[in-house]
Amino acid sequence: MIDLKLLKDNPGIIRQALLDRHENIDLDKMIELDKQRRSLLTEIQELKHQRNALSEKVGKLKREGKEPQALMKQAKDLVESVKELDKRQKEVDDKFFEAIKWIPNIPHGSVPVGQGSDDNRFIRGLKKPPDFDFDVLTHWEIAEALDILDFKRAAKVSGSRFILYKGIGAKLERALINFFLDLHTVQHGYTEIMPPVLNPTNCLYGTGQLPKLESDMYKCRDDGFYLCPTAEVPLTNMHRDEIIPEKQLPLYYAAYTPCFRREAGSYGKDVRGIKRVHQFNKVELVKYTVPANGYEEFEKLLSDAERAVKLLGLPYRIMLLCTGDMTFAAAKTYDIEIYAAGMKEWLEVSSVSIYDQYQARRANIRYRSTKGKVDYVCTMNGSGLATPRVYIALLENNQTKDGRISIPQVLQSYMDGKEYIE
RNA sequence: GGAGAGGUGUCCGAGUGGCCGAAGGAGCACGAUUGGAAAUCGUGUGUCUGCUGAGAAGUGGAUCGUGGGUUCAAAUCCCACCCUCUCCGCCA
């Protein structure tokens, strides 16, 4: 949620943000609703004040053993009009708060203004894809030859866009998850969490998936739960409605969870292989910080995720997303992309975003400063990393001329010391 | 799934219709004490929000799990729901 003071005092900033993000939202209507609700509120509060004053007098009279009938009648009449106004106010209020949920976050000043992925800015890493001196295969060709992914049976069990890992292929997936978790918890200081992955509606509003991404999530019919689309949801909602003492900040959390996405609207896109699937594994990193330290911690979070890619020895680059390519709630986002030699494309393996106080306002996560002031925390998160695309890159970049896959050294201890999949 | 107990501020906990935004304690902040600290003593300390104000502040409203209801007046009474704990049942 944006800061409501902005809407009242400085709507120009929001207007510019909407323009930069190419969001078509009727801001004037919201400003008008806000005015309405404020004036109604003032009116109601005045009446309630009168009522309260009368009630107080009634109490006093009774205590003194006097007759309060006249005052009680007066108060009763007042109450009627209060009820009427209350109802109207609630209607306007509901409309207003429903509407402002659709206002996205204000992009940070360092974010380039642009339309889409072509306007993203190269930050660091590899500028050109690496060369191979033989004909490289795609990951689905390699996986089938090595019998480590079973596409047919995945489809039989669950349909298209599902993965069935097999044998040492399954072990490789598990190795990646464990490597990521160990790296971030032992070396980067994150606390490991294993959260529930069925999350109720209010959690998804808290992190900003709802209302906008409703159609991209799986919903349980009978209980209203959503299947967790990213561990960001449980990790950020852990401290919902809390006031955290400043001394406890920053909080670092890392969690492995499966992630579920309907991929609605991507029919026919990336159907081969495991680039775009309905269920995938991801280790997610989430930080809660004091707003003043937000961007410093954000850069550190990025390098924590980057380190995972580096240690795996995969070719990567870091891109700064432009205003048009960022998600709804983010103020700034970096993507880490790995080059997949077989598919010949850059794959997003991590999206690292900072939300400033936007998520915290929605989820009501605050901190008490050492001086006693209460304010919203700053939240941020990033994948560290999402496995399927790392898996793709491993198969496609680490393939050898003779059809084997070399296992990166950091994974070998998780793979019974093996150096190759063959 | 059945039976019972309970949900109050940052935390613990008292409060059964008006003088209760809420005793007491812990914590936290500031000050005194100290060479410094601990301990001790003193003072302060919920949150959200409307209006006025440049601001300091002033003055209102709301808030005791959530939503309704009764009443001039609700933390307190009534109804529904949610959650937690204990016991029983079922079960990986």
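All chains are named by letter (A, B, ...) in the order of the sequence lines, taking the proteins before the strands, and each is independently numbered beginning at 1.
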| message | What I want to check is whether an N or O donor and acceptor connect the side chain of A:K62 with the base of B:rG18 at under 3.5 Å. | response | yes

| said: I'd like the C1' distance from B:rA73 over to B:rA57, given in whole Å. | reply: 31 Å

| said: Give me the distance, rounded to whole Å, that separates B:rC87 from B:rC78 when you measure between the C1' atoms they each carry. | reply: 29 Å

| field | Out of B:rG18, B:rG60, B:rA62, whichever nucleotide has its closest atom nearest the side chain of A:K48 | value | B:rA62

Close N/O contacts between protein and nucleotides 90-92 of chain B (under 3.5 Å):
none

| Do you see a donor-acceptor pair shorter than 3.5 Å between the side chains of A:Q187 and A:D182? | no

| request: Could you give the distance separating B:rU76 and B:rC64 at their C1' atoms, to the nearest angstrom? | output: 10 Å

| So is A:K287 actually on top of A:Y252's ring, under 6.0 Å and inside 45° of the axis? | yes

| task | Give none if B:rC20 has no partner; otherwise give the nucleotide forming a Watson-Crick or G-U wobble pair with it, both distances under 3.5 Å. | result | none

| field | Complementary nucleotide for B:rC87 - Watson-Crick or wobble, under 3.5 Å | value | B:rG2

| message | When you measure from the centre of the six-membered ring of A:Y205, is the NZ or CZ of A:K101 closer than 6.0 Å and no more than 45° off the axis? | response | yes

| said: Can you tell me which nucleotide in B:rU70, B:rC48, B:rC51 comes closest to the side chain of A:T42? | reply: B:rC51

| remark: Whichever of A:R37 and A:L54 has the more 5' nearest nucleotide on RNA chain B, that residue is A:R37

| query | Have A:Q359 and A:T379 got a donor and an acceptor in their side chains that come within less than 3.5 Å? | reply | yes

| task | Would you mind telling me which residue lines up with the more 5' stretch of RNA chain B, A:K373 or A:A53, judged by nearest nucleotide? | result | A:K373

| message | Using whole Å, what does the distance between atom C1' of nucleotide B:rG65 and atom CG of A:N364 come to? | response | 15 Å

| Under a 3.5 Å cut-off for both distances, is B:rA75 Watson-Crick or wobble paired, and to whom? | none

| Can you name the nearest heavy-atom pair linking A:R389 to A:V349, along with the distance? | CB-CG1, 3.7 Å

| field | B:rU10 and B:rU49, which share atom name P, separated by this distance in whole Å | value | 14 Å

| task | Under 4.0 Å between any heavy atoms, over every strand shown, what does A:K371 touch: base, sugar-phosphate, or nothing? Just pick one. | result | nothing

| Which one is paired to B:rG36, where only Watson-Crick or G-U wobble pairs with both distances under 3.5 angstrom count? | none

| said: Between A:T387 and A:K282, is there a side-chain heavy-atom distance shorter than 4.5 Å? | reply: no

| Does the side chain of A:L172 reach to within under 4.5 Å of the side chain of A:L394, using non-hydrogen atoms? | yes

| request: Can you tell me, in whole Å, how much space there is between the C1' of B:rG21 and that of B:rU45? | output: 14 Å

| note | pair_partner(B:rG42), Watson-Crick or wobble, both distances < 3.5 Å, evaluates to B:rC30

| task | With heavy atoms under 4.0 Å as the rule, sort A:I243 into base, sugar-phosphate or nothing. | result | sugar-phosphate

| Are A:K29 and A:D26 ion-paired here, with the side-chain N under 4.0 Å from a carboxylate O? | no

| task | Name the closest nucleotide to the A:V58 side chain, picking from B:rG60, B:rG18, B:rG50. | result | B:rG18

| message | For A:H188, give me all partners under ring-ring contact (aromatic ring centres under 6.0 Å, His included), at least two apart in sequence or on another chain. | response | A:H184

| Between B:rU40 and B:rU33 - C1' atom distance, rounded Å | 8 Å

| field | Between B:rG13 and B:rG24 - C1' atom distance, rounded Å | value | 8 Å

| field | Rounded interatomic separation in angstrom, taking NE2 from A:H239 and P from B:rU10 | value | 16 Å

| said: Quick one, A:D34 and A:F96 - any side-chain contact, counting heavy atoms below 4.5 Å? | reply: yes

| Base-pairing mate for B:rA92 - Watson-Crick or G-U, with both contacts under 3.5 Å | none

| query | What is the distance from CZ of A:R368 to P of B:rG27, rounded to the nearest Å? | reply | 15 Å

| message | So for A:E56 and B:rG18, does any side-chain atom that can act as donor or acceptor lie under 3.5 Å from a complementary atom in the base? | response | no

| query | For the pair made of NZ in A:K5 and C1' in B:rC51, what is the distance, rounded to whole Å? | reply | 15 Å

| task | Determine whether the aromatic ring centres of A:H108 and A:F298 lie less than 6.0 Å apart. | result | no

| query | Could A:K66 and A:E64 be called an ion pair, given the rule that one side-chain N must be under 4.0 Å from one carboxylate O? | reply | yes

| field | Whole-Å distance separating the CG atom of A:D86 from the C1' atom of B:rU49 | value | 15 Å

| Between A:N52 (CG) and B:rU59 (P), how many Å, whole number? | 16 Å

| Taking the P atom of each, how far is B:rA39 from B:rC51, in whole Å? | 45 Å

| request: Check the distance between B:rU71's P and A:K57's NZ and give it to me in whole angstrom. | output: 23 Å

| Across the strands shown, which category fits A:R51 at heavy-atom distances under 4.0 angstrom: base, sugar-phosphate, nothing? | sugar-phosphate

| query | Phosphate oxygens OP1/OP2 of B:rG50: is one of them under 4.0 Å from a side-chain N or O of A:R38? | reply | yes

| query | For B:rA57, what is the paired nucleotide under Watson-Crick or G-U wobble rules, both distances under 3.5 Å? | reply | B:rU52

| query | Going by an N to O cut-off under 4.0 Å, is there a salt bridge joining A:E306 and A:R124? | reply | yes

| task | With a 4.0 Å heavy-atom cut-off, tell me which residues in residues 89-99 of chain A come close to RNA chain B, sorted by residue number. | result | A:K90

| Which nucleotide, in any strand shown, forms a Watson-Crick or G-U wobble pair with B:rA80, with both distances under 3.5 Å? | B:rU66

| message | In this structure, how many angstroms lie between the P atom of B:rC28 and the CD atom of A:Q248, rounded? | response | 12 Å

| From B:rG60, B:rC72, B:rG50, nucleotide with atom closest to A:H49 side chain | B:rG60

